[in-house]
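Given the structure is predicted, the values throughout are model-derived calculations rather than measurements.
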Amino acid sequence: MTTALDPIDRAIVNTLQGGFPVCERPFAEAAHGLGIGEAEMIARIRRLREDGVLSRFGPMYNADRFGGHNTLVAMAVPAERFDEVAAVVNAFPEVAHNYARAHSLNMWFVVAADSRATVDRVLTEVQERTGLPVYDMPKEREFHVGLRIEA
Amino acid sequence: MELSDREHALIAALCDGLPLDSRPYRALGERVGMGEAEVLACLEAMARDGIIRRLGVIVRHHELGYRANAMVVWDIPDAEVGAVGRLLGNAPEVTLCYRRPRRPPDWTYNLFTMVHGRDRESVAAAIEALADREGLAHHPRQVLFSLRRFKQCGARYGRRREAAE
């Protein structure tokens, strides 16, 4: 389902992908640039979150700056076991997202944690509980981030 | 760098996002026993140190009508992957670009990019055009469209203590 966004919603989504003020009244400041009031800004962000348009409202981290670690993991899951394995994987709070993709490696998920040791423990448990191998592909270098999508 | 206790507490308190309150940093501070000014200073310092990349929103592309989400993977010779990664990272079609290790024999690709679009046809065409334009059409590549999204939430950091062995 595509949520109907009006022009102000779109402006909020586009602007806030670029940043959010760090000051005492940040909603008022961000709202001012869009020509709306603070209360309307808060109400609209609340609705965008509830509707699932925003997956996150807050800080994005460089986890490797504080010893955190994240990795992309692939698995080849037999079709008849797909839902069962997805449930095992998704139950870990360290799993940030998980997609089925069209390939023999058909399950792709990101594991993020405060340390490599925790990531390793999650991967070991996934393998033990599913009996399937995981392909661990941590990033070696980042060329571009900032996943910004025009609303 | 090691996080201070205050930084760690703030990151944990922010796991579910910034409070939707007219004074969100004051509300955040109340959860962790810090004053508003202290929270602001701490967040500014984390941004300066690069711990926080940015504050803002992450959208769910599917909900915005971007139904097609392609992971495009490339097998680029190691000697060239830095240059090609910079090239693709700057391409307007590409929203993320990472070098990752190959896992032969099953997985031989070392450069991962994401391309989002309204539908598969337009995304596939954009990827073709991108490869041609950047002179990369001769490198092996695969396009893995997403079939289902099972989970999408932010990475949750700040769990250090409960995660400790």
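Chain A forms the most heavy-atom pairs under 4.5 Å with one residue out of Arg86(B), Glu44(B), Met46(B), and that residue is Arg86(B). Counting heavy-atom pairs under 4.5 Å between each of Pro59(A), Gly19(A), Ala86(A) and chain B puts Pro59(A) at the top. With chain B as partner, the option from Met137(A), Met41(A), Arg46(A) having the largest number of non-hydrogen pairs under 4.5 angstrom is Met137(A). Of all the listed residues (Ile42(A), Asn106(A), Leu72(A), Val111(A)), the one sharing the greatest number of non-hydrogen pairs under 4.5 Å with chain B is Leu72(A). Of the residues considered (Arg103(B), Arg102(B), Arg99(B)), Arg99(B) shows the highest number of contacts with chain A, using heavy-atom pairs under 4.5 Å. Of the listed residues Asn69(B), Val81(B), Asp49(B), Leu43(B), the one with more heavy-atom pairs under 4.5 angstrom with chain A than any other is Asn69(B).
If you measure heavy-atom distances from Glu38(A) to chain B, the contacts under 4.5 Å come from the side chain alone. For Ala47(B), no part lies under 4.5 angstrom from a heavy atom of chain A. Residue Gln142(B) touches chain A through its side chain alone, counting heavy-atom pairs closer than 4.5 Å. Neither the backbone nor the side chain of Ala28(A) comes within contact range of chain B, judged by heavy atoms closer than 4.5 Å. With a threshold of 4.5 angstrom between heavy atoms, Ile12(A) does not approach chain B through any atom at all.
Distance alone, capped at 3.5 Å, places no donor-acceptor pair between the Thr130(A) side chain and the Val85(A) backbone.
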Enumerate donor-acceptor pairs with a distance under 3.5 Å from any side-chain N or O in residues 20-29 of chain B to protein atoms, sequence neighbours excluded.
residue  : atom : partner  : partner atom : Å
Asp21(B) : OD1  : Arg23(B) : N            : 2.7
Arg23(B) : NE   : Glu36(B) : OE2          : 2.9
Arg23(B) : NH2  : Glu36(B) : OE1          : 2.6
Tyr25(B) : OH   : Pro21(A) : O            : 2.7

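Salt-bridge formation is not detected for the pair Arg60(B)/Asp51(A): no Lys NZ or Arg NE/NH1/NH2 atom is positioned less than 4.0 Å from an Asp or Glu carboxylate oxygen.
The CG atom of Leu88(B) sits 5.5 Å away from the SG atom of Cys97(B) when rounded to the nearest 0.5 Å. For the atom pair CZ of Arg49(A) and CG of Leu54(A), the computed distance is 7.5 Å after rounding to the nearest 0.5 Å. The distance from atom OH of Tyr98(B) to atom CG of Leu111(B), rounded to the nearest 0.5 Å, is 12.0 Å.
Judged as a ring pair (Phe, Tyr, Trp, His ring centres under 6.0 Å), not a single pair has a partner in residues 35-58 of chain B (not counting sequence neighbours).
With a 6.0 Å cutoff to the six-membered ring centre and a 45° limit on the axis angle, Arg100(B) counts as a cation-pi contact of Phe112(B).
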